[in-house]
Engineer: 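Quick one: the structure is below, questions incoming.
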2 protein chains.
Amino acid sequence: MKPKNEKVLSNTQRAVHDLRGMILSGQLAAGTDHLESELAEHLGMSRTPVREAALMLESKGLLEMRPRKGVRILPVSPDDMCEIYDILTELESLAAQKAAEAGYGDDKLVPLAQSIDRMDNAIESEDLESWAEADDTFHRELVRLGGNTRVEKIVEMMSDQVTRARAATLYVRPLPLKSNEDHRAVYQAIRNRDPETAHARHRRHRLHAKAVILEILEKYRFSKL
Amino acid sequence: MKPKNEKVLSNTQRAVHDLRGMILSGQLAAGTDHLESELAEHLGMSRTPVREAALMLESKGLLEMRPRKGVRILPVSPDDMCEIYDILTELESLAAQKAAEAGYGDDKLVPLAQSIDRMDNAIESEDLESWAEADDTFHRELVRLGGNTRVEKIVEMMSDQVTRARAATLYVRPLPLKSNEDHRAVYQAIRNRDPETAHARHRRHRLHAKAVILEILEKYRFSKL
DNA sequence: GCTGAATTTAACGTATACGAAATAAAATGC
DNA sequence: GCATTTTATTTCGTATACGTTAAATTCAGC
């Protein structure tokens, strides 16, 4: 049996996927400009699907289309980080609360528990890359359990915008030793169907994360990322 | 002197503006499908800018592009309303808190105060249309004072999605007599630079609004709007 | 040598064209 | 008369072409 998962993506979809990847990986660096025609050639398609993709990524906040200056990959300033972390704080805490209200059984919480374990292991072996990946999974899964599809979309959008910043600061941050305490507390609150605690604890977690990041940005004089 | 405000909008921008207007006004009804070519003809332009506009409105959640079924104007279900009100609750409360932290002088709060007065007058004369308009202004101004541009964008997006629903329920709702007490309390908390109260009070206000709306939708069996 | 006007160039915005894919319609076989 | 295959039609996805306009360059005048 051949896997029928070979979906036929349109060029526009491919362009969105590829451009997003190139932006998040830093291959298209923050602050740089790129002509539609260059991007089109690089992706092996005409300008039309590239423009459509750029329009979509523009409304996701990853880039900006400026007539005759090309497509600009948007940098993220400390002020932007501040805005984004404030939003993530509110919406993820809401998700934690809703997840606790939903009363999930342990089986539904397995991915959450697993990501916490993976973070423990990663810290043990000081593997920051896998820690970051597991942390992402935890947050994404938490939001998913919150059950608000719009919150999911918004959080994903915001996360995309800070991905480069996270990568840049990962190795100058203190080891997030205490961080998993929060994760566990949130997880337990959801298991115990305690919305108040889930909300409050996750909120605290995010506020702390924001403070840590902003301190780093200040200390290392990162003005654009 | 002729007003030089006659900006030259691109066709794509015009299409976004016009289509949004037609959707919010109900001229393009929720749940209906429209071919790109029809819309293009109606707007007096080719398919290219219409497609670009549709792409943008799709990422704003107003419509959905479905190959060969045309552009579908997205209806808003009670579940959607629930999601949206939850988000508005969190983000507007955050804005109220930040506005109070910012420590604005009375002069900066004039529009807020004015919109409250206009709501009073509107209720006095039972003019629901102007009440709704002033209420919108209050909320938009509050969010603006919050100073988080991303919150502004998101709230605007969510508001667009419920505009039709609000119009549909405006005349079957009880007169929002108590509502202005909340507005005043939030306003005073911002003046008094009391973030806690501003946040809590606005949150309460929004939670109540959500309950009212959902009750109406239930009572009148609105399943799509 | 510098400032401003004229010219050239380049990039975008958008119309148009066309092939591919999906749906609808028609025709064929049972 | 119904199911199935074939054909026709429609609509979209995307390449291409072109006029417009902003930016860059050249040139003229002081």
Side-chain angles (χ1 to χ4, degrees), chain A residues 2-23 27-75, chain B residues 2-23 28-74:
Chain A
K2 55 177 146 185
K4 287 289 184 184
N5 297 356
E6 303 166 18
K7 292 178 202 163
V8 190
L9 296 257
S10 74
N11 278 353
T12 300
Q13 290 170 295
R14 260 197 335 106
V16 169
H17 178 268
D18 292 356
L19 289 176
R20 173 172 175 273
M22 289 162 73
I23 293 171
Q27 193 177 339
L28 291 177
T32 58
D33 294 327
H34 308 271
L35 295 179
E36 291 173 8
S37 38
E38 289 171 6
L39 295 174
E41 187 174 18
H42 185 78
L43 297 176
M45 57 185 74
S46 81
R47 276 176 54 221
T48 308
V50 172
R51 267 183 72 85
E52 294 194 349
L55 251 348
M56 296 197 233
L57 294 174
E58 181 171 45
S59 54
K60 297 188 90 198
L62 287 182
L63 53 83
E64 191 184 16
M65 296 182 75
R66 308 185 310 169
R68 277 162 205 89
K69 305 244 172 152
V71 168
R72 149 154 301 196
I73 311 303
L74 283 180
Chain B
K2 55 178 147 184
K4 285 291 185 184
N5 299 355
E6 303 166 18
K7 294 178 201 160
V8 192
L9 309 246
S10 74
N11 279 353
T12 301
Q13 289 171 296
R14 261 197 335 105
V16 169
H17 177 268
D18 292 356
L19 289 177
R20 174 172 175 273
M22 288 161 75
I23 292 170
L28 291 176
T32 58
D33 294 327
H34 307 272
L35 295 179
E36 291 173 8
S37 38
E38 288 172 8
L39 295 175
E41 187 174 18
H42 185 78
L43 297 176
M45 57 184 75
S46 82
R47 275 178 53 223
T48 309
V50 171
R51 266 182 73 84
E52 294 194 349
L55 251 349
M56 295 196 232
L57 294 173
E58 180 171 45
S59 54
K60 297 189 89 196
L62 286 182
L63 53 83
E64 191 184 16
M65 297 181 75
R66 307 185 310 169
R68 275 160 208 88
K69 306 244 172 153
V71 169
R72 152 155 299 199
I73 311 304
L74 283 180

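Excluded from the calculations below are hydrogen atoms, water molecules and symmetry mates; all remaining heavy atoms, backbone and side chain alike, are included. Residue numbers start from 1 in every chain, and the chains themselves are labelled A, B, ... in the order their sequence lines are given, proteins ahead of strands.
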Engineer: So does Arg51(B) get a side-chain nitrogen or oxygen closer than 4.0 Å to the phosphate oxygens (OP1/OP2) of dG13(D)?
Structural biologist: yes

Engineer: Check the distance between dC12(D)'s P and Leu55(B)'s CG and give it to me in whole angstrom.
Structural biologist: 13 Å

Engineer: Quick one: Arg66(A) CZ to dG13(C) P, roughly how many Å, whole number?
Structural biologist: 13 Å

Engineer: Tell me, yes or no, whether the heavy-atom count around Glu41(B) atom CD, taken from other residues, nucleotides or ligands under 6.0 Å, exceeds 12.
Structural biologist: no

Engineer: Rounded to the nearest angstrom, tell me the gap between atom CE in Met65(B) and atom P in dT11(D).
Structural biologist: 14 Å

Engineer: State, with a plain yes or no, whether a side-chain heavy atom of Leu43(B) is found less than 4.5 Å away from one of Leu19(B).
Structural biologist: yes

Engineer: Report the nucleotide, chosen from dA11(C), dT14(C), dT14(D), that has the shortest atom-to-atom distance to any side-chain atom of Leu35(A).
Structural biologist: dA11(C)

Engineer: Check the distance between dG13(D)'s P and Arg47(B)'s CZ and give it to me in whole angstrom.
Structural biologist: 8 Å

Engineer: Does Thr12(B) put a side-chain nitrogen or oxygen below 4.0 Å from OP1 or OP2 of dG13(C)?
Structural biologist: no

Engineer: Give the minimum heavy-atom separation between Ala15(A) and Pro49(A), together with the two atoms involved.
Structural biologist: CB-O, 4.1 Å

Engineer: How far does CZ of Arg20(B) sit from CG of Leu57(B), to the nearest 0.5 angstrom?
Structural biologist: 9.0 Å

Engineer: Looking at dT16(C), dT14(D), dA17(D), which one has an atom nearest to any side-chain atom of Glu52(A)?
Structural biologist: dT14(D)

Engineer: In Å and rounded to the nearest 0.5 Å, what is the OG1 to CG distance from Thr12(B) to Leu55(A)?
Structural biologist: 7.0 Å

Engineer: For Leu9(B) and dT20(D), give me the distance from atom CG to atom P, rounded to whole Å.
Structural biologist: 19 Å

Engineer: Measure the distance from CZ on Arg72(B) to C1' on dC12(D) and round it to the nearest whole Å.
Structural biologist: 17 Å

Engineer: Does Glu58(A) use its side chain to pair, donor to acceptor, with the backbone of Met65(A) at less than 3.5 Å?
Structural biologist: yes

Engineer: Given Ile73(A) and His34(A), is the side-chain contact (heavy atoms from CB on, under 4.5 Å) satisfied, shown in steps?
Structural biologist: CA-CA 8 Å; Ile73(A) 311 303; His34(A) 308 271; 3.9 Å; yes

Engineer: I want to check something: taking the side chain as every heavy atom from C-beta on, are Asp18(A) and His42(A) in contact at a cut-off of under 4.5 Å?
Structural biologist: no

Engineer: In whole angstrom, give the distance that lies between atom CD of Gln13(B) and atom P of dC12(C).
Structural biologist: 15 Å

Engineer: Rounded to whole Å, how long is the line connecting atom CG of Asp33(B) with atom P of dT10(D)?
Structural biologist: 18 Å

Engineer: Hey, what are the protein-to-nucleotides 7-9 of chain C N/O distances that come in under 3.5 Å?
Structural biologist:
none

Engineer: For side-chain contact (heavy atoms from CB on, under 4.5 Å), just list the numbers for Asp33(A) and Arg66(A), CA-CA rounded to whole Å, side-chain angles, deciding distance to a tenth of an Å, and then say yes or no.
Structural biologist: CA-CA 9 Å; Asp33(A) 294 327; Arg66(A) 308 185 310 169; 3.5 Å; yes

Engineer: What protein N or O atoms touch nucleotides 20-26 of chain C N or O atoms at under 3.5 angstrom, if any, and at what distances?
Structural biologist:
none

Engineer: Return whichever of Gly70(A) or Thr48(A) has its heavy-atom-nearest nucleotide of DNA chain C closer to the 5' end.
Structural biologist: Gly70(A)

